S.K.: 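Pasting a structure below so you can have a look.
Here the structure is a predicted model, which is why all the values come from computation and not from measurement.
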Amino acid sequence: MAKHFTLAKLLALLFLAVASLAGTAPARAIEPIAISRDDVALDLSGAVEIYRNQGENFQVSTAPGPDGIVRRIEVESKDKKSAGDWAVFALANTTDQQLDRLIVVPHFRLVDSGFFWPDLGSSRMAAITPSEGFALDRQANQDADVFLVTLNPGTVVTFIAELSSPKLPQVYLWEPEAYKDSVNSYTLFRGIVIGIAGLLALFLTVLFVVKGTSMFPATAALAWAVLAYISVDFGFLNKVIQISPGNEQIWRAGTEVGLAATFVVFLFAYLNLNRWHGHFSYGAFAWILGLIAIAGVAIIDPAVAAGIARVSFAATAVTGIGLIVYLGFRGYDRAIMLVPSWVMVLIWMTGSWMAITGLLDNDIVQPALGAGLILIILLIGFTVMQHAFAGGAIHQGLFSDMERQALAVAGSGDIVWDWDVLRDRVTTRPDISLQLGMAPNSLGGPARNWLPVLHSDDRDMFRTTLDVVLEHRRGRVMQNFRLRGADGHYHWFLLKARPVIGSDGEVLRCVGTLVEITEQKKAEERLLHDAVHDNLTGLPNRELFMNRLEAIISIAKTEDNIRPTVFVVDIDRFKQVNDGLGISAGDTILLNIARRLHRLLRQNDSLCRLAGDQFGLMLLSEQDPARIAGVAEAIKNAIKSPITFAKREIILTGSVGLITWTTAQVSAEDMVKDAELAMHQAKRFGGDRIEPFRPAFRTVGTDRLQLESDLRRAVERQEFTLAYQPIVRLEDGSVAGFEALLRWEHPRRGTIPPGDFIPVAESCGLIVQLGLFAMQRAAEDLVSWQKQVGDMPLSVSVNLSSRQLIRRDLVGDVRSTLLRAGLKPRCFRLELTESLVMDNPEQTNHVLNKLKQLGIGLSLDDFGTGYSSLSYLTRFPFDTIKIDKSFVDDHTPKRTVLIRSMVNMAHELGLSVVAEGISDESDALELRQMGCEYVQSFMFGPPVANDSVIKLLKEQYPLAQA
């Protein structure tokens, strides 16, 4: 063993002697860095030996291997631009496993980059050659030179790196997964910082657009400069634009120059230095011009430009200290508000100086300084926003526009409300006291003078709002309150005001406008009332009744003395009254019955109108069964009492179903349904009777449930079809269009009339699907007819249900139907019954106007059978009315006068007329003479299927087929 060691030592000495004789200076063997499996990241910067000006061929001694032998190797340059600088280091794998590691050399490192001629980064290593094995693989990376090295167990490898830059700031040895995690973590952090910088720059730009004084564009420019600097520093710019190798230094120097220039511009604009002395303007202008010139130098020598920019940034920060102190002592509020931001600037500048001079040497220093720069811009932005929204920056603009704004306020007719806080004096122009019928200037003077005339519910809010404005010295006042007039009535007002802040930060006055909104409040109350009350009787509707009942049931669950009883009352054969006397007579009778039932109520009882001729009553005043039965009998007798109408006595009867709450009823819906079942049972027994609910009644409605179940299956199986009844022109007997009528052919029960399944579909919600089907199929069929007979002036009408009318998606459904079918809007019509239109006139008018904007036609069906429709007819965008067949069939002497009046009125309003139910030629001739344009009846054509329509059209338009 000793012999072997001596021989090796002699061979090494001989090799060094030969090298000396050959003229090459002997290089000492380097010390290898031992690595283990647990080493995640090693800083090799201190273990790297640099050899400069060694030429294209470089010889070096390797680290001693496991056998102790030091070898001599020679490496040839691979980079044509090589300056002959080389770096040597050695690694020793002391484990018994193969290790994979990454050699990472960052292109740019702010730490120790230098102040005057900074190192702005570049590629550091062109290639790395190991003393054994193959050359290292370079890994794709835009921010660093990364090489993958594999170390076999127990080996010592010397690495010779060809430098492409004279400086080598840092060399790291990373475990691959750990390096990946580190990159990902920094990527997330950098993404967040860049995102915040981008949002801040965008927000400040928007603020500049809104508030166009010089301070805001300067702040926005500084924010964009910071965003550009961060993007370059974090390597984000490479992902946005393609930067060729070697140009990174120019971009980095350019962003530093831009940051220094915008920093000067911001300081000058924010402190408004031109107002203090003209020399400030000249100095700032020369400074900025110099920096612009330096930006051109960045293309030639980026290091010089960046060094001057760093000097400029430091000089601006120091100059800013002096200006802020000088102006702050003179009471300039802008300088005082800038103190927190400038303190952060000084802290950041100190940290940057320590980093670039090497006093702070840590990998997190560079991203931390970038985040700190964002924090500075955030503080500056907050300071600027204080001026924007607290009145500081817009003070000059406020008074420059004073005359224009005063004219605008006078033109609006609003009352100017001015509260002089220091003198505690409220002034209104014009005097609001006169508007309230009070003595002149009754509400002038202290603000407390308003409290006695304020509504008791509004006093605390009024007082608190003013106190908050005084306490916080910012914000806006926007409050509704009521003032009592001299006649005792209250008037609603809306106060919109804002405080005016003095130089000492205290509120000087609060100025705004006062607008009377009494009519608006009344309109809102009417809308709220109409939303939960019946339009005809004024009683609560079903929704409000159910809400009240639900609340009572929740109380009854905990209170033993509360047991509500629900009555559902239906007027027997009320449809015959409508058919025989008309809708107006029926409405009068319903009002009469509603008043009678309301007289039976006691405290805490509630009455509502559930549906057309159905009423609901919640009884809380009686708990004894005998007394409850007495109330039910009183309800029946009240309905049965004769009603005088048009010198005729009308006697009606009612079917009453009732149920008293027990713990079995878990909801108001269950109670009302059970009471309705009892009412229907009373009707089955002939009406004019009272039926308490029994559980057996639930099985009676199985036929209806079965029909509903069949209806759902029919929708899925598409068992519905459309029949089309012609609408004929009276002038020449030609077909002008068709009305689409829904038909259901049940597989077992045969044809089911629409009168049987339409009410079921409406109650279970399937009417919406059926309506969509009818619209789509009718539109598609009309397009098919037009393709076969030509583009003739035909239209198709589809009936609209109440469920469809109240849906928000109705307009979108119609638009989608027309687009899918490819149908022109003018060929498509919707028909609404007069009673449906009058259920909710305001909502109907809103929906119809939106439908009319699509270009479709709108027809008012059953005209003359509703109530109060004439007052609304001019408001609705109908283009056609359809006179109900009850007027055509009426052969009384006044029939002609009535129909003629309808036709003339329609023509005066620009509407066309369709008459329904014509049964003989004489009626048709008479209607034509009156000016009626169209008719629709079995006499002119019954409803037919799609195929029959095509035959009819081909007979009418034979030339169109050619």
S.K.: Looking only at side-chain N and O atoms, does Arg743 offer a donor or acceptor that is under 3.5 Å from a partner on Thr721?
M.R.: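 No, Arg743 and Thr721 have no side-chain donor paired with an acceptor closer than 3.5 Å.
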
S.K.: Indicate whether the side chain of Glu926 and that of Thr896 have a donor and an acceptor atom separated by less than 3.5 Å.
M.R.: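 Yes - a donor-acceptor pair under 3.5 Å links their side chains.
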
S.K.: Is a donor on one side and an acceptor on the other found under 3.5 Å between the side chain of Asp587 and the backbone of Leu536?
M.R.: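 A pair under 3.5 Å: no.
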
S.K.: At their closest point, which heavy atom of Leu549 faces which heavy atom of Val672, and how far apart are they?
M.R.: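 Scanning both residues completely, I find the closest heavy atoms to be CD2-CG2, 3.9 Å.
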
S.K.: Do Ser655 and Asp570 meet the criterion of a side-chain donor-acceptor pair at a distance under 3.5 Å?
M.R.: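 Their side chains do not contain a donor-acceptor pair, so the 3.5 Å distance test is not met.
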
S.K.: Using atom types as modelled and distance alone, determine if a side-chain donor or acceptor of Asn541 lies under 3.5 Å from a backbone N or O of Leu544.
M.R.: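 Yes, the answer is positive, given that a donor and an acceptor are paired below the 3.5 Å cut-off.
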
S.K.: Main chain of Trp492, side chain of Thr518: is a donor-acceptor contact present, judged purely on distance under 3.5 Å?
M.R.: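 Side chain of Thr518 to backbone of Trp492, a donor-acceptor pair under 3.5 Å: yes, one is there.
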
S.K.: Begin with the C-alpha distance, continue with both residues' side-chain angles, and end with the deciding distance and a verdict on salt bridge (Lys or Arg N to Asp or Glu O under 4.0 Å) for Glu716 and Arg712.
M.R.: CA-CA 7 Å; Glu716 297 174 358; Arg712 294 185 184 277; over 6 Å; no

S.K.: Do the non-hydrogen side-chain atoms of Ser937 and Lys885 ever get within less than 4.5 Å of each other?
M.R.: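 They are not in contact (no side-chain heavy atoms under 4.5 Å apart), so the answer is no.
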
S.K.: Ignoring hydrogens and angles, tell me if any N or O in the side chain of Gln769 forms a donor-acceptor pair with the backbone of Leu766 under 3.5 Å.
M.R.: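 Absent.
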
S.K.: Quick one: does Lys882's side chain get under 4.5 Å of Tyr934's, heavy atoms only?
M.R.: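 The answer is no, as the side chains (C-beta and beyond) never meet within the 4.5 Å cut-off.
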
S.K.: Mind running side chain to side chain contact (heavy atoms under 4.5 Å, CB included) on Asn799 and Leu741 for me, showing each step along the way?
M.R.: CA-CA 8 Å; Asn799 291 288; Leu741 304 172; 4.1 Å; yes

S.K.: Quick check for you: to the nearest 0.5 Å, what is the distance between Asp688 atom CG and Arg573 atom CZ?
M.R.: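 That separation rounds to 8.0 Å.
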
S.K.: Contact between Phe567 and Leu597 at the side-chain level, heavy atoms closer than 4.5 Å - yes or no?
M.R.: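 A side-chain contact is absent here, since even the closest heavy-atom pair is not under 4.5 Å.
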
S.K.: Is there a side-chain contact between Phe876 and Leu858 in this structure, where contact means two heavy atoms from C-beta onward sitting under 4.5 Å apart?
M.R.: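 The answer is no; the side chains never approach within 4.5 Å.
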
S.K.: Do Asp813 and Gln776 have side-chain N/O donor and acceptor atoms under 3.5 Å apart?
M.R.: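 No.
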
S.K.: Nearest 0.5 Å, please: how far is CG in Asp613 from CG in Leu590?
M.R.: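 It is 7.0 Å, given to the nearest 0.5 Å.
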
S.K.: Side chain to side chain contact (heavy atoms under 4.5 Å, CB included) for Leu952 and Val944? Distances and angles first, verdict last.
M.R.: CA-CA 10 Å; Leu952 176 63; Val944 295; 5.7 Å; no

S.K.: What are the two closest non-hydrogen atoms of Glu831 and Asp861, and how far apart are they?
M.R.: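 That closest heavy-atom pairing would be OE1-OD2, 3.6 Å.
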
S.K.: Give a yes or no on whether the backbone of Val913 and the side-chain of Glu933 come within a donor-acceptor separation of less than 3.5 Å.
M.R.: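 Judged by distance alone, yes, a pair lies under 3.5 Å.
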
S.K.: Distance from Ser816 atom OG to Leu772 atom CG, nearest 0.5 Å?
M.R.: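 Those atoms lie 9.0 Å apart.
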
S.K.: With ring centroids as reference points, do Phe878 and Phe863 lie under 6.0 angstrom apart?
M.R.: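 Judged by ring-centre distance (under 6.0 Å), Phe878 and Phe863 do not meet the cut-off.
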
S.K.: Determine whether more than 12 heavy atoms belonging to other residues, nucleotides or ligands lie under 6.0 Å from atom NZ of Lys824.
M.R.: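 Atom NZ in Lys824 is not crowded, with 12 or fewer foreign heavy atoms closer than 6.0 Å.
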
S.K.: Within a strict 4.5 Å, meaning less than it, do heavy atoms of the Ile593 and Ile643 side chains meet?
M.R.: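 Yes. Closest side-chain heavy atoms under 4.5 Å.
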
S.K.: Taking all heavy atoms of Ala740 and all of Val796, pick out the closest pair and write down the distance.
M.R.: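 Here Ala740 and Val796 meet closest at CB-CG2, 4.4 Å.
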
S.K.: Can you find a pair of side-chain heavy atoms, one from Leu742 and one from Pro754, that are under 4.5 Å apart?
M.R.: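 Counting from C-beta outward, Leu742 and Pro754 never come under 4.5 Å.
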
S.K.: Start with the C-alpha distance between Ile589 and Phe574, add both sets of side-chain angles, then the distance that settles side chain to side chain contact (heavy atoms under 4.5 Å, CB included), and finish with yes or no.
M.R.: CA-CA 10 Å; Ile589 293 170; Phe574 186 74; 4.2 Å; yes

S.K.: For Ser606 and Arg548, test the side chains for any donor-to-acceptor distance below 3.5 angstrom and give the result as yes or no.
M.R.: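 Per modelled atom types, Ser606 and Arg548 side chains form a pair under 3.5 Å.
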
S.K.: Checking Phe938 against Gln725 for the side chain to side chain contact (heavy atoms under 4.5 Å, CB included) test, could you report, in this order, the C-alpha distance in whole Å, the side-chain angles of both residues, the deciding distance, and whether it holds?
M.R.: CA-CA 8 Å; Phe938 278 81; Gln725 186 171 22; 4.1 Å; yes

S.K.: How close do Leu782 and Cys827 get, counting heavy atoms only, and between which atoms?
M.R.: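 Nearest heavy atoms, Leu782 then Cys827: CD2-O, 3.4 Å.
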
S.K.: Keeping the roles fixed (side chain from Glu550, backbone from Ala668), state whether a donor-acceptor pair exists under 3.5 Å.
M.R.: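 Pair found, side chain donor or acceptor close to backbone of Ala668.
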
S.K.: Will you find, in the side chains of Glu669 and Ser667, an N or O donor that is under 3.5 Å from an N or O acceptor?
M.R.: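 No, no side-chain donor-acceptor contact under 3.5 Å.
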
S.K.: What is the minimum heavy-atom distance between Leu722 and Ala778, and which atoms define it?
M.R.: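 Of all heavy-atom pairs spanning Leu722 and Ala778, the closest is CD1-N, 3.6 Å.
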
S.K.: Are Thr644 and Glu649 linked by a side-chain donor-acceptor pair shorter than 3.5 Å?
M.R.: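 Not at all, the side chains of Thr644 and Glu649 share no donor-acceptor pair under 3.5 Å.
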
S.K.: Which label fits Phe720 and Phe757: parallel for a plane angle under 30°, tilted from 30 to 60°, or perpendicular past 60°?
M.R.: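 Rings of Phe720 and Phe757: tilted, as their planes differ by 30° to 60°.
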
S.K.: Looking at every heavy atom in both Asp884 and Glu916, which two are closest together, and how far apart are they?
M.R.: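 Here Asp884 and Glu916 meet closest at CA-OE1, 4.2 Å.
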
S.K.: Hey, does the side chain of Asn849 reach the backbone of Asn845 with a donor-acceptor pair shorter than 3.5 angstrom?
M.R.: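 The answer is yes, because a donor-acceptor pair under 3.5 Å joins these two groups.
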
S.K.: CG/Leu652 to CD1/Ile639 distance, rounded to the nearest 0.5 angstrom?
M.R.: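 Going from the CG atom of Leu652 to the CD1 atom of Ile639 covers 8.5 Å.
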
S.K.: Are the side chain of Arg928 and the backbone N or O of Gly931 linked by a donor-acceptor pair below 3.5 Å?
M.R.: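 No; judged by distance alone, with no hydrogens or angles, the pair does not exist.
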
S.K.: Just wondering, do Lys496 and Val515 contact through their side chains at under 4.5 Å, heavy atoms?
M.R.: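 Val515 vs Lys496: side chains apart.
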
S.K.: Ignoring hydrogens and angles, tell me if any N or O in the side chain of Arg609 forms a donor-acceptor pair with the backbone of Leu539 under 3.5 Å.
M.R.: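 Side chain of Arg609 to backbone of Leu539: no pair is present.
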
S.K.: Could you state the interatomic distance from CG (Leu925) to CE (Met930), rounded to the nearest 0.5 Å?
M.R.: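 These two atoms lie 10.0 Å from each other.
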
S.K.: What I'd like to find out is whether the side chain of Leu911 reaches to under 4.5 Å of the side chain of Leu860, using heavy atoms alone.
M.R.: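 The answer is no; the side chains never approach within 4.5 Å.
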
S.K.: Once rounded to the nearest 0.5 Å, what's the spacing between atom CZ of Arg777 and atom CG of Leu770?
M.R.: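 Answer rounded to 0.5 Å: 12.0 Å.
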
S.K.: Is Ser912 reaching over with its side chain to a backbone N or O of Asp879, donor-acceptor style, under 3.5 angstrom?
M.R.: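 Yes, the answer is positive, given that a donor and an acceptor are paired below the 3.5 Å cut-off.
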
S.K.: Counting only heavy atoms not in His598, do more than 12 sit closer than 6.0 Å to its NE2 atom?
M.R.: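 Open: at most 12 neighbouring heavy atoms sit under 6.0 Å from NE2 of His598.
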
S.K.: Report, as yes or no, whether the 6.0 Å neighbourhood of atom NZ on Lys683 holds more than 12 heavy atoms from other residues, nucleotides or ligands.
M.R.: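 Counting other residues, nucleotides and ligands, NZ of Lys683 exceeds 12 neighbours.
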
S.K.: Thinking salt bridges, do Asp710 and Arg713 make one under a 4.0 Å N-O criterion?
M.R.: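 Result for this pair is yes, salt bridge flagged.
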
